[in-house]
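Worksheet: the structure to be examined is printed underneath.
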Number of protein chains: 2
Amino acid sequence: MNSKLGLLEPLESLSMTDRVENILREYFTENAFKPGDALPNELEIAQKLNVSRNVVREALSRLRMLGMVEARPRRGMIMSQPDVLGGIEKVLNPFILSQSNQQDIFELRLILEMGIAEFLFARKTDKDLDELELIVEKQKKLPVLSKEDEIEFHGKLYDMTGNETFQRFQSLLFPVFEHVFATLSKQEEQAVIADPVSHYDLFRVLKEGTPEEFRQAMRVHLSVYYNTIK
Amino acid sequence: MNSKLGLLEPLESLSMTDRVENILREYFTENAFKPGDALPNELEIAQKLNVSRNVVREALSRLRMLGMVEARPRRGMIMSQPDVLGGIEKVLNPFILSQSNQQDIFELRLILEMGIAEFLFARKTDKDLDELELIVEKQKKLPVLSKEDEIEFHGKLYDMTGNETFQRFQSLLFPVFEHVFATLSKQEEQAVIADPVSHYDLFRVLKEGTPEEFRQAMRVHLSVYYNTIK
DNA sequence: CTAGTATATTTGTAGGACAAATGTAAAGAT
DNA sequence: ATCTTTACATTTGTCCTACAAATATACTAG
């Protein structure tokens, strides 16, 4: 007995708050609510749905956290532009995430790093390249790069993609990425070998090379991390 | 007058609920709460913070939505594994997101698609390749590929990365991606030219080629989308 | 028609109440 | 002493009432 019982999902018994949250989100999309549109007030919603105002407020509190709705005290609520990454931001804490989630995010960052080449070449400006050169010239003199140096260089790259969401997403992923790699390093006790492709090399390719060459260079630059995979 | 006044950010006047939410999240991380740990009950929290139980419940309701805490009726609350993408999922609605957010996500998907090569080659199995072959053989016979065909092929690729979070992330991004591209296509009225690199070609490279070759092939395959950039 | 005043509206917050079910302690039976 | 039953305390989910505060609206007076 009990064989394969683990495969049975529990019937999700949603609380009133959960259900109202879902209903409201559906209601907003079905009726094509757009940012700025006025929402019915809390009491109306509560009466329509036949639940207490408390329940409605708890549901709305969630949507407010996501930035979907904005409450203007004493003037009613309006639809609003949600913050795409607001929800994920509060959750990306290495100490709460599961091991596998952390690993997934570690890999996700590697994927992103390899994928930005086209955008860098499409959008790089002379000003960007000058600023990047300052960074790599400074780092060339250092015997070893700190975490901050890494962030400065790669952060500038994300900057140059001109994609704000991507930029912020990266910075959210970084702590988890660092944490995973630090944990791995502790276990494996690997020798820190000199970077076969340095930040300076990447800069040169970005300035004078092609996206293909840049991807290839980045792949080698990240090999320390890719070596931990699979 | 009024010069550059737009640059002044309003002093954020946080509601009690906002503040309690922040305080609780800090409290959990500072005190190294781990999944499974018991939490103080609502009344205790309310009294310690000198707010009403309502405010505490609204804050906890948010954390519950994120999956950070789990409430077991009549047995107290415990810490829990948050769902990394749960927050973003509820917000990725093309009709609510701003134009620039949509564009960012469109680009983000292109970045991801270009970045997965290493993982595909590191983790592909014969079984995967067989399944992929079935898909591309079927599609080779079709005169034109539908949206579902695209999802089937690329979805299988994400599958093969073995990264569940990435997989789900992709599928969340897709509707926004589609929406942006559909809007662009309507404006530009571009001729739909035959794919210079088909799904079948990608399959062949994945089976017998190298990551570099795959990235190059994928870049060409995605050129319809990259042409819209910048 | 304008200026000032009163009223209605609506969110944020507080606090009380109770059902329901769980775990625990106490009481009773064998 | 051990087991069974009963009673109690706990805690979340839900409902209700109340009120402050500030805005928008209606109203009144000059």
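Just so we're on the same page: letters track the sequence lines, and every chain starts at 1. For the numbers below, each heavy atom of this structure counts, side chains included, while hydrogens, waters and symmetry mates do not.
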Taking only Lys NZ, Arg NE, NH1 and NH2, and the carboxylate oxygens of Asp or Glu, determine whether A:Asp128 and A:Lys156 approach each other closer than 4.0 Å. yes

Looking at every strand, decide which applies to B:Asn41 at a 4.0 Å heavy-atom threshold: base, sugar-phosphate, or nothing. sugar-phosphate

What pairs of nitrogen or oxygen atoms, one from the protein and one from nucleotides 19-23 of chain C, lie under 3.5 Å apart?
from   : atom 1 : to      : atom 2 : distance (Å)
C:dA21 : O4'    : B:Arg74 : NE     : 2.7

Is a donor-acceptor pair below 3.5 Å formed from side chain B:Arg53 to base C:dG16, judging by atom type as modelled? no

Tell me whether B:Arg19 at atom CZ has more than 12 heavy atoms from other residues, nucleotides or ligands lying less than 6.0 Å away. no

Side chain to side chain contact (heavy atoms under 4.5 Å, CB included) partner of A:Phe177, chosen from A:Leu108, A:Ile105, A:Leu110: A:Leu110

Ignoring hydrogens and geometry beyond distance, is a side-chain donor-acceptor pair present between A:Gln170 and A:His154 at under 3.5 Å? no

Length of the line joining A:Gln47:CD and D:dT17:P, which is rounded to integer Å: 11 Å

Checking contacts here: which listed nucleotide (D:dT14, C:dT13, D:dG13) is nearest the side-chain heavy atoms of B:Ala71? D:dG13

Starting at CG of B:Leu43 and ending at P of D:dA9, how long is that distance when rounded to a whole Å? 16 Å

Using the C1' atoms of five pairs at each end, what's the angle between the two axes of the helix from C:dC1-D:dG30 to C:dT30-D:dA1, to 10 degrees? 30°

Electrostatic pair A:Arg62-B:Glu58, nearest N-O below 4.0 angstrom: no

Spacing between B:Arg57 atom CZ and C:dG12 atom P, to the nearest angstrom: 17 Å

Under the 3.5 Å rule, do the base of C:dG12 and the side chain of B:Asn54 count as making a donor-acceptor pair? no

Is the backbone of A:Leu206 close enough, under 3.5 Å, to the side chain of A:Lys124 for a donor and an acceptor to pair up by distance? yes

Between C:dT10 (C1') and A:Leu39 (CG): distance, integer Å: 13 Å

Any donor-acceptor pair under 3.5 Å between the side chain of B:Arg72 and the base of D:dG13? no

In this structure, are over 12 heavy atoms from other groups packed under 6.0 Å from B:Glu164 atom CD? no

Quick check: do A:Val69 and A:Leu24 have side-chain heavy atoms less than 4.5 Å from each other? no

CD of A:Glu58 versus C1' of C:dT11: gap in Å, rounded? 16 Å

Distance check needed: C:dT11 C1' versus B:Asp18 CG, whole Å only. 13 Å

Step through the shown structure and confirm whether more than 12 heavy atoms of other residues, nucleotides or ligands are within 6.0 Å of CG on B:Asp126. no

Value in whole Å for how far the P atom of D:dA20 lies from CE of B:Met16: 17 Å

Tell me the interatomic distance from B:Leu49, atom CG, to C:dT13, atom P, rounded to whole angstroms. 13 Å

5'-most contact on DNA chain D (nearest-nucleotide basis), A:Thr17 vs B:Glu44, goes to B:Glu44

Less than 4.0 angstrom between a side-chain N/O of B:Ser52 and OP1 or OP2 of C:dT13, yes or no? no

Cationic tip of A:Arg219 within the cone over A:Tyr226's six-membered ring, i.e. under 6.0 Å and within 45° of the normal? yes

